Amino acid sequence: MRPTAHSGENRTTRLMAAGTEAIQAAAAVLHAGGLVALPTETVYGLGADATSGEAVARIYEAKARPSFNPLISHVADLAAAQREGLFNADALALARAFWPGPMTLVVPAAPSGTVCALARAGLDSVALRVPAHPVAHQVIAAFGKPVAAPSANRSGRISPTAAAHVMQELEGRCDLVVDGGACAVGLESTIIDCTGDAPALLRPGSVSREDIERVTGKALRAIEPGGAITAPGMLASHYAPNAKVRLDVTTIEPVEAVLDFGGALGAQAMKAAAYLDLSPHKDLRVAAANLFDMLRRLDESGTARIAVAPIPREGIGEAINDRLARAAAPR
Ligand code: TXA
Ligand code: MG
């Protein structure tokens, strides 16, 4: 059970169905300093012992991350989160409203905190999340320490929302993949910076701008471009398929594969190289859950370009458009 290879590659990756045995195996791998891919309600995460610099270094190695972006540390509950970070009134209100769930809070690291400097990329803040997914929760509870986990994909690629995606990305690069089925939300967590006077939205997600402002009773602070507060992993091209991506399309071109919404481009589907609809019934939550899987499937069709229908921007639509803009960014 101990991790053998110390380079990114050449590990034997076990795939186990979620269950008591898999939970125990996952906790054992984490104790041994190894890597476990776990289902969460957002996307699959590549987990390691957040308190061990050596274990966290393996995450960067396995993902082939070019730089040491700070990682999210996953904990079992608010009490555990408060041992790691300092919560002001807004952070507390948000935690009580949305945890366990698809929201990450960036707060000042607590003096008592155990998350290692590498997981924080040397910052004096820490990103914390209490996931709602029962498998993630049970593994964290069984392990008993924070679990650092970025999305379980190679750096710069589409986040995995199914165990099969993780195997495509990381087979041979992690010790265990726990298969807990498809992720319900399908987009990475909303990240909120709570280190200042008013919270700031670092990454949109299924907990929307409106949800956050309702709970705190104040407007989200705007992030000054080029300012000190950024979510470093969020810049430039990210979530990238191999195919080029064209957004807000109303007229498709013959070579293109189509990612539709609400059947808007359905009449032109005959011309399309491949055709999938994120949500024929225009349900943004369904669209979010399907987004990464459908991008992956269209990409696998071998198409050179994916044309995407316009997606409304309200609620979780902001996060869907954010991820699509990154998939379409020049690279
Ligand atoms: O849904 C999710 O959040 C998934 C699942 C596995 O929980 N995790 C995930 O982690 O998306 P990752 O590492 O791919 O994204 C972490 C983001 C990065 O953009 C990083 O820059 C930001 O969180 N972040 C982490 N710590 C931070 C900090 N102290 N200050 C600012 N941003 C931080
Ligand atoms: Mg990621």
Side-chain angles (χ1 to χ4, degrees), residues 35-48 50 56 59-60 62-75 84-86 98-110 113 115-133 135-137 139-140 146-161 165-166 169-170 178 180 183-196 199-207 223 227-240 288 292 319 322-323 326-327:
L35 299 181
V36 184
L38 292 171
T40 84
E41 68 275 28
T42 58
V43 299
Y44 275 72
L46 181 63
V56 170
I59 293 179
Y60 291 105
K63 286 185 59 106
R65 258 199 188 186
S67 60
F68 289 161
N69 291 332
L71 304 176
I72 297 169
S73 290
H74 299 72
V75 292
E84 300 299 330
L86 303 174
F98 299 117
W99 277 350
M103 177 191 72
T104 296
L105 296 177
V106 175
V107 296
V115 172
C116 68
L118 183 56
R120 293 182 284 106
L123 299 173
D124 50 18
S125 56
V126 62
L128 297 166
R129 180 158 101 83
V130 177
H133 195 292
V135 173
H137 181 83
V139 170
I140 295 161
V147 176
S151 50
N153 51 276
R154 305 255 195 119
S155 188
R157 294 180 35 94
I158 301 170
S159 292
T161 55
H165 301 163
V166 179
E169 294 286 325
L170 296 174
V178 181
C183 301
V185 175
L187 293 180
E188 301 84 350
S189 61
T190 302
I191 304 182
I192 308 166
D193 178 292
C194 288
T195 61
L201 185 59
L202 297 184
R203 178 171 74 184
S206 76
V207 172
I223 299 168
I229 301 161
T230 52
M234 297 306 298
L235 301 172
S237 159
H238 212 71
Y239 310 99
F292 290 146
D322 170 80
R323 303 309 190 274
R326 286 168 210 292

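All of these numbers come straight from a predicted model, not from anything done at the bench. Counting starts at 1 for both ligands and their atoms, following the listed order.
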Any idea which atoms of ligand 1 are less than 4.0 Å away from a heavy-atom of Leu123?
-> 28 (C), 29 (N), 30 (N)
Atom of Ile158, atom of Asn153 and distance for their closest heavy-atom approach | O-CB, 3.4 Å
Can a donor-acceptor pair be found between the side chains of Ser159 and Glu188 at a distance below 3.5 Å?
-> yes
Which one holds for Asn69 and ligand 1: side chain close, backbone close, both close, or neither close, with close meaning a heavy atom under 4.0 Å?
-> neither
Judged by modelled atom types alone, do Ser73 and Arg120 share a side-chain donor-acceptor pair under 3.5 Å?
-> no
Where's the contact between Asp193 and ligand 1, heavy-atom distance under 4.0 Å: side chain, backbone, both or neither?
-> neither
Is the closest heavy atom of Arg129 to ligand 1 under 4.0 Å?
-> yes
Contact check: Thr40 vs ligand 1, nitrogen or oxygen atoms, below 3.5 angstrom = no
Rounded to the nearest 0.5 Å, what's the gap from CG on Leu170 to CD1 on Ile59? Could you check?
-> 11.0 Å
Pull out every atom of ligand 1 sitting under 4.0 Å from any heavy atom of Ser125, numbered as shown with elements.
-> 28 (C), 29 (N), 30 (N)
Look only at the side chain of Glu84 and the backbone of Val115, and say whether a donor-acceptor pair between them is shorter than 3.5 Å.
-> yes
Rounded to the nearest 0.5 Å, how far does OG1 of Thr190 lie from CZ of Arg129?
-> 9.5 Å
Heavy-atom contacts with Ala127 under 4.0 Å: which atoms of ligand 1 show up? List them by number with element.
-> 25 (C), 26 (N), 27 (C)
Run the numbers for me: atoms of ligand 1, each under 4.0 Å from some heavy atom of Ala149, listed by number.
-> 6 (C), 8 (N), 10 (O)
Atom pair OG1/CD1 of Thr42 and Ile72 - distance to nearest 0.5 Å = 7.5 Å
Tell me which part of His74 gets within contact of ligand 1: side chain, backbone, both or neither, using heavy atoms under 4.0 Å.
-> side chain
Test Glu169 against every option in Lys63, Arg157, Arg154 by the salt bridge (charged side-chain N to carboxylate O under 4.0 Å, His left out) rule and name the one that passes.
-> Arg157
Would one find an N, O or S atom of Ser151, in either backbone or side chain, under 2.8 Å from the Mg ion (ligand 2)?
-> yes
Near Arg203, which atoms of ligand 1 are under 4.0 Å from a heavy atom of that residue?
-> 2 (C), 3 (O), 9 (C), 11 (O), 15 (O)
